[in-house]
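Here is the structure we will look at, set down as structure tokens.
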Amino acid sequence: MRRGEGHAHLAPFSFKVAALMLDIAFIRQNADAVRAAIKNKRVDLDLDLLLTTDKERRTLLGELEQKRARKNEIAQLISKASKEDRPTLIEEGKAVKVALEQREPAMTEVQKRFDELMLKVPSLPRPEVPIGVGEEDNVEIRKVGTVRTFDFKAKDHVELMTLHGMVNWEGPRKFAGGRSYALMGTGALLELAVTRLAVDTLVERGLTMVIPPVMVKERAMTGTGFFPLGREEAYAITADELFLVGTAEVPLVSLHADETFEASALPIRYAGISNCFRREAGAYGKDTKGLYRVHQFTKVEQVVFCVPDEEMAEKEHYQLLGNAEAILAKLEIPYRVALACTGEIGLGQTRKHEVESWMPGRNEGKGAYNETHSCSTLGDFQARRSNIRVRTADGTTAYAYTLNNTAIASPRILIPLLENHQNADGSITLPKALVPYMNGVTVLRPKA
RNA sequence: GGAGGGGUGACCGAGUGGUCGAAGGUGCUUGAUUGGAAAUCAAGUGUACUGAAAGGUACCGGGGGUUCGAAUCCCUUCCCCUCCGCCA
């Protein structure tokens, strides 16, 4: 993490709106920029292969279209032709048809290869995004709140939750497998409390609450950019060809797939709550202790659709970030905001801020900031894939912009909540804002 | 799960093999009229791909088939509606 650069690092936005749009024409004309994005985002994609495939595709398309034009012409002529001329024309029509049928499989095949490659093309990171590989290259923007120094031996969340009987660790692992858990008693109540606090905060700030489906078709996964590259991460329900979502972002964005908004209808701001399911493939052995990384969790997610206007998207982005920060403030959890580097942002994200909460028990008890929220701008990446458009004042259409940010994810958020607010005797003093959601209880006491 | 009905442009809605990218209406845009507006009249008004352009191609829920030719015929699939069954 590079420090102290903060906002000074932010460069003025230098792309025109159109330049962000990754259609094949743009890719052809800006191959170098795309190549850089592929490299910096560490995407496994051979751009030259895409470009030659595109060339192949267009050549074949031209050929086919010529044949089709002739086919249409002949069909047209036959309807007007005399009895004598008909047989000849029908013969030619048949010939053209056969020629078409011979070439069409090649087109289908090329198109398929082309589409598969296109789905792997990343969006271009915005200019202010630092180039880097891993977490250590993220740039800290600011720290908020004071990290507490304990005058006693602080416990980590596993100890605390065990002490309070908040989790059944063992039972679920037997019948549901690794990374399973059951929230019990005050643990379960706390999850309901923090999610409800988050929901109320967002509703108060004008977002519309949504409880969406969590089983979705492949189209939704691809449309939001999680497939094909993140396929391994999703649970599949093969009998019905459905997938369990890893975030409500998927159904919330898909809610408007294939729609064309009137510009006046935007922005649309949603707060969705859902269970989230993640296989955590590739994270074997990582964060296996406790509730930091689990297969199933509850998340309140914010999703915004807005017109494709950079200034507007900026405003929305920082508003989403502000919403998350407001929730952390209510929970009185110290946190920091960082700008994720190119290697850490997703295929579709053009910029991502991470909000990392202070977790005293991490890093072998020395404490660490760890991600609890991530705030992303995706430009028109998802809108392209999901076919979500906006009709502008002059009657033309363009792809909408989408943004999203976590509001709260539990049980992960319970880690900083419990660890930061613990007392020497193992009791936990709840932040004031949470008390009403816990039916007036101000201090949680360990089970006797 | 069983039986039936339906999916056409921003919206309503016509269209059962060629002259249909699609009548008519609504809406919208522009112009005329008006002091201004309403009303009226006239013209225009889908999307995507491809091409330097002219143009061409594709799209009537999705996919496939029949045919020289498909919105129209056939198969299949998804979604919606009605009735029956089951059910939190």
Side-chain angles (χ1 to χ4, degrees), chain A residues 18 21-29 50-119 121 211-223 237-243 251 254-266 268 275 305 307-308 380-381 383-400:
Chain A
M21 299 164 87
L22 282 185
D23 62 15
I24 186 61
F26 174 85
I27 296 168
R28 280 199 294 267
Q29 287 154 22
L50 173 63
L51 292 174
T52 52
T53 307
D54 173 48
K55 190 109 198 252
E56 208 181 320
R57 171 187 143 264
R58 280 186 297 151
T59 307
L60 202 46
L61 186 62
E63 189 196 321
L64 281 177
E65 289 194 341
Q66 264 180 21
K67 288 196 167 74
R68 285 191 192 129
R70 182 59 185 159
K71 179 185 101 166
N72 291 343
E73 198 184 348
I74 292 166
Q76 207 56 231
L77 288 171
I78 288 172
S79 67
K80 291 180 207 137
S82 63
K83 267 200 196 88
E84 302 82 69
D85 292 343
R86 280 197 177 214
T88 335
L89 285 168
I90 288 178
E91 276 317 302
E92 194 192 342
K94 279 183 184 170
V96 173
K97 183 188 167 186
V98 169
L100 262 173
E101 280 169 352
Q102 274 170 358
R103 295 301 279 153
E104 271 166 351
M107 184 64 200
T108 310
E109 190 272 329
V110 173
Q111 186 69 44
K112 187 172 166 246
R113 274 192 281 131
F114 175 74
D115 289 343
E116 279 167 8
L117 290 167
M118 278 297 279
L119 285 176
V121 177
I211 302 180
V214 295
M215 298 185 291
V216 301
K217 295 183 183 179
E218 178 161 1
R219 168 81 206 281
M221 299 300 274
T222 308
I237 302 165
T238 49
D240 296 288
E241 292 181 71
L242 294 171
F243 298 88
S254 301
L255 220 41
H256 295 288
D258 295 322
E259 280 184 33
T260 304
F261 292 115
E262 295 301 329
S264 59
L266 298 179
I268 289 176
N275 285 117
F305 299 85
V307 294
D380 66 2
F381 182 85
R384 278 182 175 279
R385 294 175 163 233
S386 297
N387 192 27
I388 300 168
R389 291 180 292 172
V390 187
R391 193 183 314 285
T392 53
D394 61 6
T396 59
T397 57
Y399 289 105

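Order of the sequence lines sets the chain letters (A, B, ...), proteins ahead of strands, with each chain counted from 1. All values below were derived from every heavy atom in this structure, side-chain atoms included, with hydrogens, water molecules and symmetry-related copies excluded. Just so you know, these numbers come straight off a predicted model, no measurement behind them.
- To the nearest angstrom, P of B/U66 lies 13 Å from CG of A/Leu100.
- With distances taken from any side-chain atom of A/Ala69 to the nucleotides B/A58, B/G56, B/G51, the minimum falls on B/G56.
- Base pairing of B/G1 is made with B/C84, judged by Watson-Crick or G-U wobble geometry with both donor-acceptor distances under 3.5 Å.
- You'll find that the side chain of A/Lys97 is closest to B/U67, out of B/A58, B/U67, B/G18.
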Between A/Asp240 and A/Met215, does a side chain to side chain contact (heavy atoms under 4.5 Å, CB included) hold up when you go through it step by step? CA-CA 10 Å; A/Asp240 296 288; A/Met215 298 185 291; over 6 Å; no
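- The CD-P distance, from A/Glu262 to B/G27, rounds to 16 Å in whole Å.
- Atom CG of A/Leu64 is separated from atom P of B/C49 by 18 Å (rounded to the nearest Å).
- Across all strands shown, A/Gln66 has no heavy atoms under 4.0 Å from either base or sugar-phosphate atoms.
- Note: CG (A/Leu60) to C1' (B/C49) measures 14 Å, nearest angstrom.
- Remark: the separation of the P atoms in B/C75 and B/G4 is 13 Å, to the nearest Å.
- B/G6 and B/C73 have their P atoms separated by 11 Å, given to the nearest Å.
- A/Ile24 comes within 4.0 angstrom of sugar-phosphate atoms only, judged by non-hydrogen atoms across all strands, and of no base.
- Per the geometry, CG belonging to A/Leu61 stands 12 Å off C1' belonging to B/A48, to the nearest Å.
- A/Arg389 has no side-chain polar atom (N or O) that falls below the 4.0 Å cut-off from OP1 or OP2 of B/U47.
- Side-chain atoms of A/Glu65 and base atoms of B/G56 include a donor and an acceptor less than 3.5 Å apart.
- With rounding to whole Å, A/Asp23 atom CG is found 12 Å from B/G51 atom P.
- A donor-acceptor pair under 3.5 Å is formed between the side chain of A/Arg385 and the backbone N or O of A/Thr222.
- Look at CD1 on A/Ile90: it is 12 Å from C1' on B/G18, rounded to the nearest Å.
- Between A/Asn72 and B/G18, a side-chain N or O to OP1/OP2 separation shorter than 4.0 Å is absent.
- Of the candidate nucleotides B/U57, B/A48, B/G18, B/A48 has the atom nearest to the side chain of A/Thr397.
- Residue A/Lys80 is out of contact with every strand shown, counting any heavy-atom pair closer than 4.0 Å.
- Under the Watson-Crick or G-U wobble criterion, with both distances below 3.5 Å, B/G44 is paired with B/C28.
- With a 3.5 Å ceiling on both atom-pair distances, B/U66 lacks any Watson-Crick or G-U wobble partner.
- Comment: A/Lys112 does not engage A/Asp115 in a salt bridge, judged by the lack of any side-chain N to carboxylate O separation of less than 4.0 angstrom.
- Here, B/G1 and B/C28 have their P atoms 45 Å apart, quoted to the whole Å.
- Rounded to the nearest Å, the gap between the P atom of B/U72 and that of B/G61 is 8 Å.
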For a side chain to side chain contact (heavy atoms under 4.5 Å, CB included) check, start with the C-alpha distance between A/Arg28 and A/Ile24, then their side-chain angles and the critical distance, and finish with the verdict. CA-CA 6 Å; A/Arg28 280 199 294 267; A/Ile24 186 61; 3.7 Å; yes
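- Within 6.0 Å of the CD atom in A/Glu241, the count of heavy atoms belonging to other residues, nucleotides or ligands does not exceed 12.
- When each of A/Glu73 and A/Gln76 is assigned the nucleotide of RNA chain B with its nearest heavy atom, A/Gln76 is the one assigned upstream, toward the 5' end.
- Two residues, A/Arg70 and A/Ala75, neighbour RNA chain B, and the one matched to the more 5' nucleotide by heavy-atom proximity is A/Ala75.
- Residue A/Lys217 places its side chain closer to B/C79 than to any other of B/C79, B/G18, B/G69.
- Classification of A/Arg68 and A/Glu104 as a salt-bridged pair holds, one side-chain N sitting under 4.0 Å from a carboxylate O.
- One finds the CG atom of A/Leu89 at 10.0 Å from the CD atom of A/Glu73 (value rounded to the nearest 0.5 Å).
- At the heavy-atom level, A/Arg57 lies under 4.0 Å from the strands shown only through sugar-phosphate atoms.
- With rounding to whole Å, A/Asp380 atom CG is found 13 Å from B/A48 atom P.
- When both pairing distances are held under 3.5 Å, B/A38 makes no Watson-Crick or G-U pair with any nucleotide shown.
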